[in-house]
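Since the model is a prediction, treat every value here as computed from it, not as a measurement.
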Amino acid sequence: MPTTRDYYEVLGVSRDESPDEIKRAYRRLAMKYHPDRNPGDPQAEASFKECAEAYEALSDPEKRTMYDRYGHSGLRGTPGHDFGSMNAQDIFSMFEEIFGGGLGGRARARQRGGVPRGYDLETEVEITLAEVLTGTTRDVQFKRLDVCQRCSGSGSKEGSEPAVCTTCGGHGQVAQTGLGGMFRMVTNCPHCGGRGKVIVDKCPDCKGRGRTPVQRSLSVKIPPGVKSGQAVRIGDEGEPPPPEVDPAGNGIRGDLQVVVRVQAHEHFEREGDHLLLAVPVAFSQLALGATLEVPSIDGQATLTIPQGTQHAAAFRIEGRGLPNLRTQRRGDLVVIAQLVVPRKLNDEQRKLLQEYAETEELDVGTGERSSFWDKLKDVVTGGGNTAKDID
C-alpha cells in the first residue's frame with residue numbers, strides 16, 4: 001500500500017529543499033533501511049519502500065510540483081507512481097541508479113583496474129562556525145557490511161557447498177520478454193541474485209548472505225574552511241563488493257563520505273569565505289565619526305567610522321573572515337553599520353535634540369501639531385478639497 005505520510009516528512013527534509021539534498025536524504029535512509037542490513041525486520045523493509053516512494057515523487061520536477069500543489073491526490077494515476085503494484089525489483093533498480101550499484105547481490109560492483117570495488121557509505125557531522133576557522137575532529141559511528149569471518153564470504157556452512165541455481169541453470173541471469181515479444185531483457189536471476197548458485201546449508205552467522213553488519217567508530221579530521229554540505233572522504237572505509245562479484249572478499253572497499261553541516265551563528269552570516277556582521281551604531285557616532293571595537297570570529301577587531309556615515313554603510317576588515325579550503329587564505333569581515341534609535345530619552349537628551357532640530361528647522365515631537373499635518377488632516381477629513389490646499 002502507498003504511504004499516507006507526507007513525503008517531505010518521510011525523507012526528513014523541508015519543502016524548499018534542493019534536489020541534491022533530497023537525493024542525499026534518500027541515500028542516507030535507503031542505506032539505513034536496506035533489507036540486507038536489516039534481515040528479517042519487516043518494519044525496516046516497510047521504511048525502505050516508503051522512502052523509495054517519497055524519493056520517486058520528489059525527484060521528478062513535474063511530480064513534485066503536482067504533489068506540492070495537490071498532495072497525494074495529485075499523483076494518483078501518475079505513470080510510474082503506483083507503489084501499490086511496484087515490485088521489489090523496480091525499487092531496487094531505482095536504488096542502484098542512485099548508488100551506481102547495489103547491496104547484497106542486487107547489482108554488480110564498480111570496477112577499479114579490473115578489481116571489484118565496493119560501495120561508498122555516507123554519514124554526517126555538525127560543526128560550529130568557529131571550528132570552520134581552525135578545523136576540528138569528530139568521532140563518527142556508522143554501520144557497514146563486512147565479509148563474514150566465519151564463512152569467508154561464501155555464505156555456506158562449513159563443510160558444505162552451494163548448489164547450482166535451478167532457475168537460471170547456473171548462469172546467474174534470466175531473460176524476460178515484453179510487449180508481445182518485441183524486446184528481450186536480461187536481468188539478474190531473482191532466485192540466486194546473480195550468483196548462479198544457491199546456498200543449501202547457510203552459514204549460521206550471515207544466514208547465507210556472505211556479509212555481516214558491523215558497527216564502526218572513527219575519528220575524522222575536518223579541515224579549516226569547509227563549507228556546509230561538503231564531504232570529507234575516508235578511503236576504504238566503505239563496504240566490500242557484493243558476494244556475487246567477489247565471493248571471497250578480495251575486492252576493494254568503497255569509501256566513507258562524511259558530510260559536514262555548519263551550524264548557523266547567532267551574529268555572523270557566511271558569504272563564501274567572508275563573514276557579514278551587523279553592528280548597532282548611534283546617530284551621534286555616524287554623524288561625528290567613531291572608533292569601535294567589534295567582534296570577529298577570533299576576537300575583537302577595530303573599526304573606524306568616518307563622520308557623516310549613513311545607515312547600512314558597509315566596511316571591510318581584511319583577513320578577518322574564514323580560510324579558503326584550498327589556499328587557506330582568509331576572507332574579510334564585512335561590518336554593516338545599523339542605526340539604532342533610542343526608545344527613551346532623559347530630559348537633557350530631549351532638550352539637546354530639540355535644540356539641534358531647531359537648527360535644521362525640523363518639526364519634532366514638542367506637543368504642537370505643525371501646519372503641514374494640520375492641512376493634511378483637513379484633506380483627509382474633508383476640510384480641504386484639492387492637493388493645492390497643502391502648500
message: Is it the case that over 12 heavy atoms from other parts of the model lie below 6.0 angstrom from the CD atom of E21?
response: yes
query: Are any of the side-chain nitrogens in E158 or R150 under 4.0 Å away from the carboxylate oxygens of its partner?
result: no
- prompt: Is the shortest side-chain N to carboxylate O distance from R15 to D6 below 4.0 Å?
  reply: yes
task: Determine the minimum heavy-atom distance between V259 and G229, stating which atoms define it.
output: CG1-O, 3.9 Å
Between E161 and S156: side-chain donor-acceptor atoms closer than 3.5 Å: no
query: Quick one: OG on S284 to CD on Q349, what's the gap to the nearest 0.5 Å?
result: 9.5 Å
task: Identify whether L292 and F283 are in the same connected component of the hydrophobic contact network (ILVMFWY, side-chain heavy atoms under 4.5 Å).
output: yes
Ion pair D205/R211, N-O distance below 4.0 Å: no
query: Is the shortest distance from a Lys or Arg side-chain nitrogen in E355 or R350 to a carboxylate oxygen in the other one below 4.0 Å?
result: no
- request: Starting from L276, walk the hydrophobic network (Ile, Leu, Val, Met, Phe, Trp, Tyr; side-chain heavy atoms closer than 4.5 Å) and list everyone else you reach, by chain and number.
  value: V334
- line: Value for CD1 (I297) from CD (E131), rounded to nearest 0.5 Å, stands at 10.5 Å
query: Does any non-hydrogen side-chain atom of L58 lie less than 4.5 Å from one of K63?
result: no
query: Taking 4.0 angstrom as the limit, do E45 and K49 come out as a salt bridge?
result: yes
query: Where do R316 and H274 come nearest, in terms of heavy atoms and distance?
result: NH1-CE1, 4.0 Å
message: Under a plain distance cut-off of 3.5 Å, with no hydrogens placed, do Y119 and D255 share a side-chain donor-acceptor pair?
response: no
- prompt: Hey, mind stepping through Y26 and Y55 against ring-ring contact (aromatic ring centres under 6.0 Å, His included) and telling me if it holds?
  reply: CA-CA 6 Å; Y26 170 66; Y55 176 74; 4.6 Å; yes
field: E237 and R253 ion-paired at < 4.0 Å
entry: no
query: Given the rule in the side chain to side chain contact (heavy atoms under 4.5 Å, CB included) test, do I305 and V281 qualify, once you have shown the distances and angles that lead to the verdict?
result: CA-CA 10 Å; I305 297 178; V281 184; 4.1 Å; yes
message: As a quick check of understanding, evaluate side-chain hydrogen bond (donor to acceptor under 3.5 Å, both in side chains) for R320 and S296, giving each step before the final call.
response: CA-CA 7 Å; R320 298 303 293 268; S296 72; 2.8 Å; yes
- prompt: Step by step, would you call S14 with D16 a side-chain hydrogen bond (donor to acceptor under 3.5 Å, both in side chains)?
  reply: CA-CA 6 Å; S14 63; D16 58 352; 2.6 Å; yes
- request: Starting at CG of L11, measure out to CD of E17 and round the result to the nearest 0.5 Å.
  value: 10.5 Å
- prompt: CZ of R270 to CG of L322: how many Å apart, nearest 0.5 Å?
  reply: 5.0 Å
field: Short side-chain donor-acceptor distance under 3.5 Å, Y8 and D68
entry: yes
message: I'd like to know whether CD of Q310 has more than 12 heavy-atom contacts from other residues, nucleotides or ligands below 6.0 angstrom.
response: no
message: For E318, I'd like to know if atom CD has over 12 heavy atoms of other residues, nucleotides or ligands within 6.0 Å.
response: no
task: Look at the side-chain heavy atoms of Ile, Leu, Val, Met, Phe, Trp and Tyr, link any pair under 4.5 Å apart, and say whether L352 and L286 land in one connected group.
output: no
- line: Here the gap from I317 atom CD1 to L277 atom CG, rounded to the nearest 0.5 Å, amounts to 8.5 Å
field: Salt-bridge present (R117, D120; N to O < 4.0 Å)
entry: yes
- prompt: Taking 4.0 angstrom as the limit, do R27 and E122 come out as a salt bridge?
  reply: yes
query: Run the side chain to side chain contact (heavy atoms under 4.5 Å, CB included) check on C206 and C151 step by step: do they pass?
result: CA-CA 8 Å; C206 67; C151 67; 3.7 Å; yes
field: Minimum-distance pair of heavy atoms, taken over all atoms of R326 and N324
entry: N-OD1, 2.9 Å
- line: dist D139:CG -> S217:OG (nearest 0.5 Å) comes out at 7.5 Å
message: For the CZ atom on R233, are there more than 12 heavy atoms of other groups (residues, nucleotides or ligands in this structure) within a distance under 6.0 Å?
response: no
message: With a 4.0 Å cut-off on N to O distance, would you call E124 and R28 a salt bridge?
response: yes
query: Looking only at heavy atoms, which two atoms of L133 and G321 are closest? And how far apart?
result: CD1-O, 4.0 Å
query: Honestly curious: do L339 and I336 fall in one hydrophobic cluster under the side-chain, below-4.5 Å linking rule?
result: no
field: Verdict with supporting geometry, D298 and R330, side chain to side chain contact (heavy atoms under 4.5 Å, CB included)
entry: CA-CA 12 Å; D298 57 343; R330 290 183 63 174; 2.8 Å; yes
task: Give a yes or no on whether E271 atom CD has more than 12 heavy-atom contacts from other residues, nucleotides or ligands under 6.0 Å away.
output: no
task: For E126 and Q263, test the side chains for any donor-to-acceptor distance below 3.5 angstrom and give the result as yes or no.
output: yes
